[in-house]
Structure formats: C-alpha cells, structure tokens
Number of protein chains: 2
Amino acid sequence: MNKRKDKITIVEVAAEAGVSFGTVSRVINNDVHVKPQTRERVLETMRRLNFVANRQARSLAGGRTNTIGLLVPDLGTGYIGEIIRGIDAELGDAGYDLMLYTTHRTATKEAGYVSNLVQGMVDGLILVLPRNPSDYIGSMTQRNFPFVLIDHQGTGEDCPAIGSTNWQGAFNATNYLIKLGHKRIGFITGWLDLGAAVDRLEGFKAALRTNKIPFIQDLVYEGTFAQLDGYTGASRFLDMKKPPTAIFASNDVMAMAAMDAVRERGLRVPEDISVMGFDDIPQASLVRPSLTTVRQPLEQMGRIATQVLFDILKNPNLKHNRIELPTEIIIRNSTAKLRKA
Amino acid sequence: MNKRKDKITIVEVAAEAGVSFGTVSRVINNDVHVKPQTRERVLETMRRLNFVANRQARSLAGGRTNTIGLLVPDLGTGYIGEIIRGIDAELGDAGYDLMLYTTHRTATKEAGYVSNLVQGMVDGLILVLPRNPSDYIGSMTQRNFPFVLIDHQGTGEDCPAIGSTNWQGAFNATNYLIKLGHKRIGFITGWLDLGAAVDRLEGFKAALRTNKIPFIQDLVYEGTFAQLDGYTGASRFLDMKKPPTAIFASNDVMAMAAMDAVRERGLRVPEDISVMGFDDIPQASLVRPSLTTVRQPLEQMGRIATQVLFDILKNPNLKHNRIELPTEIIIRNSTAKLRKA
DNA sequence: AGTATTCATGTAAACGCTTCCAAATATTGT
DNA sequence: ACAATATTTGGAAGCGTTTACATGAATACT
C-alpha cells in the first residue's frame with residue numbers, strides 16, 4: 001500500500017558498515033560477542049542511516065512482540081491514567097510498547113476471545129479491574145499466557161496480582177474519622193463484586209468494631225465506584241432523620257460527588273460534614289476543599305505490575321502471587337473534628 | 001522464550017481443510033476467488049482449530065500492521081477518554097488495534113523520533129492535542145506518514161485535522177450568558193499555544209463586541225486547561241473589587257475548579273455566580289450543580305479522525321484538510337439569570 | 001467437440017529479522 | 001612457533017504471512 005522503497009534494513013546497514021547482517025543483528029540485540037570497535041562502527045552507521053529495526057520482523061523471527069497489552073474498563077476517571085503512567089514509564093525503559101484494549105470493546109465476545117486474540121499480538125497482558133476476572137484468569141492460566149491483575153482481589157484463584165492494602169486503608173481512615181469524634185459515619189461502597197470493594201467495607205466495619213461503635217446497615221450505601229453513586233449515596237444519607245456527620249466513600253470520584261450533594265443541601269464540608277475518599281487521584285488535591293483520602297500508590301502499582309509481568313516473561317515457571325502495596329492516609333481539608341451540635 | 005510449539009498456522013489449517021495454505025490466506029483476506037463451499041470448509045476448520053492469524057507475519061508480508069497509534073498528552077481528565085471511545089469503536093469495526101503513546105514518554109526525544117519509531121509499528125497515527133505540533137507535522141509530512149490531528153487548530157500548515165467550532169461555541173456560550181443578563185463575564189483561557197484555545201477566546205471577545213459590551217483585559221485569566229488554573233483564575237476574579245457575575249472557562253475541568261473556588265468563598269452557583277464550561281466531559285452532567293457547557297462531540301471526533309485516517313491509508317494522495325464538527329450549548333444548572341443586586 | 005475465457009487453487013518468493021552453526025580470526029600457554 | 005582455546009564474524013534456515021504468478025478445472029462460445 002504505502003510501502004516505502006527506501007526503507008533501511010539491517011542489510012543496508014551491514015553493507016554500509018562493511019560487516020554481515022548477522023553482526024548488525026548482534027549489535028541490535030546487545031550480543032556480547034561483538035568486538036567493541038565493530039559495534040561502534042555499526043552503531044554509528046545505524047545512526048547515520050537513521051535505521052530503526054522493524055518490530056514485526058523481530059517479533060516474527062524472535063517469537064516476541066516487545067509489546068504488552070493493557071485491558072482497562074474505561075479511561076474516564078484519572079484512576080487508570082495514573083496506573084498507565086506507571087506502566088508506561090516501566091515499559092519505556094524496557095523498550096516495550098503498549099497496546100490498549102478497552103473492555104467495552106470486547107464486551108460482547110467471551111473472555112477467551114481476548115486472550116486468543118491477544119496471543120501473538122502481545123507478550124503479556126495487564127488487566128485493570130476486570131469485570132469478570134475468573135473468566136479471564138481461567139482462560140489465560142490454561143493457555144499459560146503471562147498476565148498480571150491490577151487492583152483485583154482474587155476470588156480464590158492464585159494468580160499474579162498487584163493491589164494495595166484496602167482493608168488496612170479503610171480501617172485506618174475510619175479510625176481517623178472516629179478519632180475526630182465522628183460516630184455516625186456513612187459508607188459508600190464500591191462495586192462489591194470486586195474484592196477491593198469488599199475489603200474496604202470490611203476495613204470500615206472492623207474499625208467500627210474496634211472502637212465499639214455499632215454498625216448500622218442504613219449507613220452503608222451500595223455503590224459501584226461510579227460518580228453518580230457518590231451523589232446518590234450521600235443524598236440518601238443526608239435525607240435521613242439523623243444523618244451521619246461524616247461520609248467515607250470507597251473512591252475519590254464518589255467522594256467528590258458526595259461533597260457536591262452535601263453542598264447542594266446548603267451544608268459545608270468539612271464544617272458540617274466530613275468527607276473522605278479513597279485512591280488519591282490527582283483531582284483529589286485540586287478540588288475545594290481538597291479531599292482527605294486514602295492514597296493508593298497507583299503509579300507504583302502500574303510500575304510493579306509491569307515489573308512482575310517482565311519477571312513472568314523471563315521465567316514463566318516462577319509463581320507470583322498477590323502483592324499488596326501499602327496505602328496511606330492523606331489528610332487534607334475535607335475532614336474536620338466533629339463540632340458539638 | 002515462551003514459544004508455543006502447538007501454535008496453529010495457516011499450514012495446519014490448510015492441511016486439515018485439505019487445501020493449500022494459499023487458499024487459507026485468501027479466505028482470511030476475503031479474497032473473492034474462493035469457492036463458497038471451500039471458504040466455508042476453511043472457515044469451519046479455522047474455528048475448530050481455534051486459529052488466529054499471526055499479526056506480525058501478516059504485517060511483515062503485507063506491509064501493513066493493522067494497528068494505529070494514538071499519541072496523547074495524558075489521560076487524566078476524561079476528555080481523552082471520550083475521544084478514545086470513538087476511536088476504539090471505529091477501530092474495532094475495522095479489525096485494527098490501538099497502540100498508545102503518551103507524549104510524556106517521549107518528551108525528551110525530538111518529535112522526529114516518534115514518527116521514526118512508530119514507522120513500521122503502526123499504519124498511521126492520531127495525535128491529540130500535540131504540544132509542539134509543527135515539529136510533528138513537519139516530520140510526518142516529510143516522511144509522508146499518514147496522520148490525523150484531533151482538536152488542533154493548524155498554525156498555517158495544511159493537514160488533516162478534526163476539530164470543532166470552537167469560535168462559534170464560545171461565541172454562542174458568551175451570547176447565552178449575556179442574554180441571561182451578565183455583563184461582567186470572567187473568561188479563563190486554555191493553553192494559548194493551541195489554536196483551539198485562541199479560537200475560544202476570540203469567540204468570547206466577538207460576542208462581547210456584538211453585544212456592545214466593553215472588553216476588559218482583567219476579566220481574562222490566562223490558563224492552560226489544567227484544573228488548577230480554573231481555581232486560580234476564578235479566585236483572581238472573585239478577589240476583584242467588582243467581580244464578574246459569570247465565569248466562562250475554556251474547558252470543563254477548569255469550570256469545575258472555578259465552581260469550587262466560588263463556593264469556597266461562600267457564594268453559590270448559579271445564584272451568585274454563573275459558571276460555564278467547554279467540552280461536556282462525562283463529569284459535567286454529574287457534578288452539582290450540573291455544568292452548563294459547550295458540547296464538543298468528543299467521541300464523534302475520535303470516530304471521524306479514525307475514518308479520515310483510514311481514508312488516507314486507502315488513498316495517500318487524497319488531500320484532507322481540517323474538519324470542524326459543530327459544538328452545541330448544553331444548558332444545565334450552573335448558569336442562571338443575573339439577579340439584580 | 002474444441003478452443004477461448006473465466007474462476008479456483010497451488011506454489012514460490014519475498015517481508016526483515018533472530019538464531020544456530022560453522023568458519024575465520026585472535027589470544028593464550030607451552 | 002605451534003597447538004589449543006576463546007572470541008568474533010558470516011551465512012543459512014526459518015518465523016507465518018501476503019502476493020504475484022502459474023497451473024488446473026470448469027464454463028461458455030463457435
């Protein structure tokens with residue numbers, strides 16, 4: 001189609017440098033057995049000729065694609081953006097490329113389709129918050145296809161995954177709110193099909209228990225991590241005869257929406273109601289009041305997931321399990337000491 | 001490395017189906033010259049064997065990669081997310097894959113590096129809001145490499161680009177605010193190196209002119225499309241002796257931050273100050289008050305950019321210029337009639 | 001029926017690289 | 001100086017496709 005005749009191949013480089021194309025290939029692949037002097041000459045020639053190795057050919061011959069696939073549900077919230085930043089950085093260092101697949105796109109197809117399709121296209125796959133993880137995991141494990149999960153709490157199966165200490169983070173956050181004097185805390189959950197969401201809820205409950213505060217079912221609103229849930233959940237709480245004095249949402253997006261709901265009722269954050277989130281997406285520090293939240297090291301999660309995937313690629317037999325990165329409470333201005341009514 | 005010996009190739013399929021591998025290739029490529037009966041048999045065999053054509057080999061042999069590259073500055077705001085949704089949809093239909101490059105990743109390298117690198121990896125490139133467009137454009141035009149720009153107002157060079165009617169959108173929006181009675185309108189610009197940002201500013205000015213409202217330089221805050229600018233800009237306005245009664249931000253992200261700034265001062269949106277944005281990202285309808293904004297058809301822009309790129313791929317000689325999609329005012333709850341003080 | 005014409009299929013030669021093996025060259029020890 | 005060894009290089013054989021060309025079968029025409 002638009003085939004460039006003037007494309008430069010290793011053969012051209014070899015001719016120019018006065019060596020065989022085999023030697024050029026060795027230089028490209030950093031093979032040890034090349035005389036430094038020869039290597040330099042070849043490198044110089046490559047530079048001069050503006051040579052770029054053809055990825056497809058390398059893949060075809062070498063059996064590797066130097067590309068990894070990333071499967072994400074969507075890109076709307078900045079949450080994924082941070083993770084990608086981490087993956088991207090790691091990938092860049094290793095000379096890998098990133099192929100992006102959105103879950104939506106393959107929603108109609110069965111999960112096996114993805115790993116099937118992806119097989120040969122990418123060397124491995126990173127899945128962020130897959131909606132039906134066990135389907136994927138089964139299919140990929142069976143195929144022995146390298147993959148890593150991000151932010152998914154395995155539902156029993158033992159597979160490489162990167163997450164954070166969701167339980168502990170929620171526990172600490174709740175504790176923090178309680179220390180501020182809050183006893184009635186509204187909790188907005190994430191999508192409870194995901195382990196991470198369940199863990200946050202459990203951490204919340206545990207902190208109540210530890211502090212001998214009774215758990216009230218009505219103060220839990222079941223959300224899905226979507227912005228709207230934050231608004232709806234908070235509204236529900238605020239409409240109660242005895243509304244909570246603090247709202248803890250399972251992610252920042254919902255927390256921000258919760259703040260909106262609070263303000264819409266003429267109440268102030270944090271003076272009247274404290275609001276806390278989870279994730280620490282970039283926006284968290286930019287909204288006003290800035291959001292107190294539980295920081296997940298999203299970028300680092302991306303980095304580590306990539307490193308683990310590389311490990312697996314290098315040694316497919318090594319077993320990797322779940323890695324948990326520590327969460328951390330970031331105190332900003334959306335939470336305050338309970339004011340005596 | 002992890003080479004699968006059991007990989008199924010067209011040769012296996014051919015043997016199974018009792019045809020030559022050439023025929024299988026023809027079936028894959030929907031070549032007309034295959035007896036329907038044979039085609040069906042081959043397809044059946046492919047299905048049964050779970051065959052997936054090797055992308056690398058196809059690319060190497062065919063000179064195409066069936067992959068397009070997308071170059072984006074970041075993924076934080078949902079703005080890009082919408083565009084990707086459109087691209088993704090179109091790509092899926094055509095059986096193409098998406099390779100994602102972030103500007104940041106190659107920030108250190110010169111722009112030429114990108115097109116160089118990308119050459120051979122992808123058949124074409126879609127650039128969203130490139131920061132130094134002319135570098136790219138020069139390099140790619142020279143290489144005759146297929147590309148499309150999204151949301152970039154050419155700085156003179158004639159190249160395929162998809163944008164929206166920024167001027168008109170800003171003009172209409174400003175007009176709308178004026179019709180509501182606002183005479184002092186604060187305007188927060190985008191990154192003025194981008195044509196889109198300039199156009200929005202110009203549309204704003206033109207509307208003032210049309211309505212015989214004097215333009216006041218102090219009521220323009222120069223931002224960069226970043227959330228923080230919305231906050232800072234709005235704060236600047238609100239600290240004026242005679243603050244504006246409406247704030248028009250050049251994108252939604254800044255508009256939302258502006259609303260935060262307004263509320264932080266104990267003022268209400270829209271009762272005290274009307275706030276208007278630009279883009280209509282998904283969050284715009286979810287914040288409270290929901291944001292009145294100028295809708296850019298982001299997803300459609302992604303779709304059309306992809307289609308144009310396909311066009312160019314099919315016919316490299318055809319000249320494509322800038323396409324402008326209409327913007328549309330979406331009236332929600334962040335704007336209201338000016339209340340007489 | 002015999003030949004021209006179309007349609008269906010098989011085959012070989014790329015595509016640009018990696019990798020293995022063998023050959024050439026350099027290095028070391030005696 | 002010579003063999004033994006280590007280092008460097010050259011070249012062939014793929015990798016799994018596409019595509020141009022050749023062949024064979026079927027159909028249409030005279």
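Model, not experiment: these values are computed from the prediction. Proteins come first, then strands; the chains are lettered A, B, ... in the order of their sequence lines, and each starts at number 1.
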Trainee: Report the distance from atom CD of B:Gln56 to atom C1' of D:dC15, rounded to the nearest whole Å.
Mentor: 11 Å
Trainee: Taking only the side-chain nitrogens and oxygens of B:Ser25, find out if one of them lies under 4.0 Å from OP1 or OP2 of D:dT18.
Mentor: yes
Trainee: From the list D:dT9, C:dC7, D:dT8, which nucleotide is the closest neighbour of the side chain of A:Thr38?
Mentor: D:dT9
Trainee: If you only use heavy atoms from C-beta on, which nucleotide in C:dC17, C:dT9, D:dT9 is closest to the side chain of A:Thr23?
Mentor: D:dT9
Trainee: Take B:Phe21 and B:Val32, find for each the nucleotide of DNA chain C with the closest heavy atom, and name the residue whose nucleotide sits nearer the 5' end.
Mentor: B:Val32
Trainee: Calculate the interatomic distance between A:Arg39 atom CZ and D:dT8 atom P; express it in whole Å.
Mentor: 10 Å
Trainee: Let's see if you can work this out: which of C:dC17, D:dT18, C:dT9 has an atom nearest to the side-chain heavy atoms of A:Arg58?
Mentor: C:dC17
Trainee: Check the pair B:Phe310, B:Val148 against side-chain contact (heavy atoms from CB on, under 4.5 Å), reporting the backbone distance first and the verdict last.
Mentor: CA-CA 10 Å; B:Phe310 283 156; B:Val148 178; over 6 Å; no
Trainee: If we ignore hydrogens and angles and just use 3.5 Å, is the side chain of A:Asn29 paired with the main-chain N or O of A:Ser25 as donor and acceptor?
Mentor: yes
Trainee: Given C:dC17, C:dG10, D:dT17, identify the nucleotide with an atom nearest to the side chain of B:Ser20.
Mentor: C:dG10
Trainee: Answer yes when A:Asp97 and A:Arg55 have at least one side-chain N-carboxylate O distance shorter than 4.0 Å, and no when they do not.
Mentor: yes
Trainee: What is the distance, rounded to the nearest whole Å, between atom CD1 of A:Ile10 and atom C1' of D:dG10?
Mentor: 12 Å
Trainee: Can you tell me which nucleotide in C:dT19, C:dC15, C:dC17 comes closest to the side chain of B:Ala61?
Mentor: C:dC15
Trainee: Between atom NE2 in A:His33 and atom C1' in C:dA26, what is the gap in whole Å?
Mentor: 14 Å
Trainee: Counting heavy atoms from C-beta on, name the nucleotide in D:dT17, D:dT18, C:dA8 closest to the side chain of B:Thr9.
Mentor: D:dT17
Trainee: Expressed in angstrom and rounded to an integer, what is the separation of A:Arg64 atom CZ from C:dC17 atom P?
Mentor: 14 Å
Trainee: Could a donor-acceptor pair under 3.5 angstrom be found where the side chain of A:Arg26 meets the base of D:dG10?
Mentor: yes
Trainee: Can you check the B:Asn29 CG to D:dT19 C1' distance for me, whole Å?
Mentor: 10 Å
Trainee: I want to check one thing: is the phosphate of C:dC15, taken as OP1 and OP2, less than 4.0 Å away from some side-chain N or O of A:Asn54?
Mentor: no
Trainee: What does B:Val11 touch in the nucleic acid at a heavy-atom separation under 4.0 angstrom: a base, only the sugar-phosphate, or nothing?
Mentor: nothing
Trainee: From CD1 of B:Ile28 over to C1' of C:dT9, roughly how many Å is that when rounded to an integer?
Mentor: 15 Å
Trainee: Rounded to the nearest angstrom, tell me the gap between atom CZ in B:Phe51 and atom P in D:dG16.
Mentor: 10 Å
Trainee: With no hydrogens and no angle check, is any side-chain donor or acceptor of A:Asp123 less than 3.5 Å from a backbone partner on A:Thr65?
Mentor: yes
Trainee: Is it the case that B:Thr9 and B:Glu12 place a side-chain donor and acceptor less than 3.5 Å from each other?
Mentor: yes
Trainee: Quick check: on DNA chain C, is the nucleotide nearest B:Gly22 upstream (toward 5') of the one nearest B:Ala57, or the reverse? Name the residue that is more 5'.
Mentor: B:Gly22
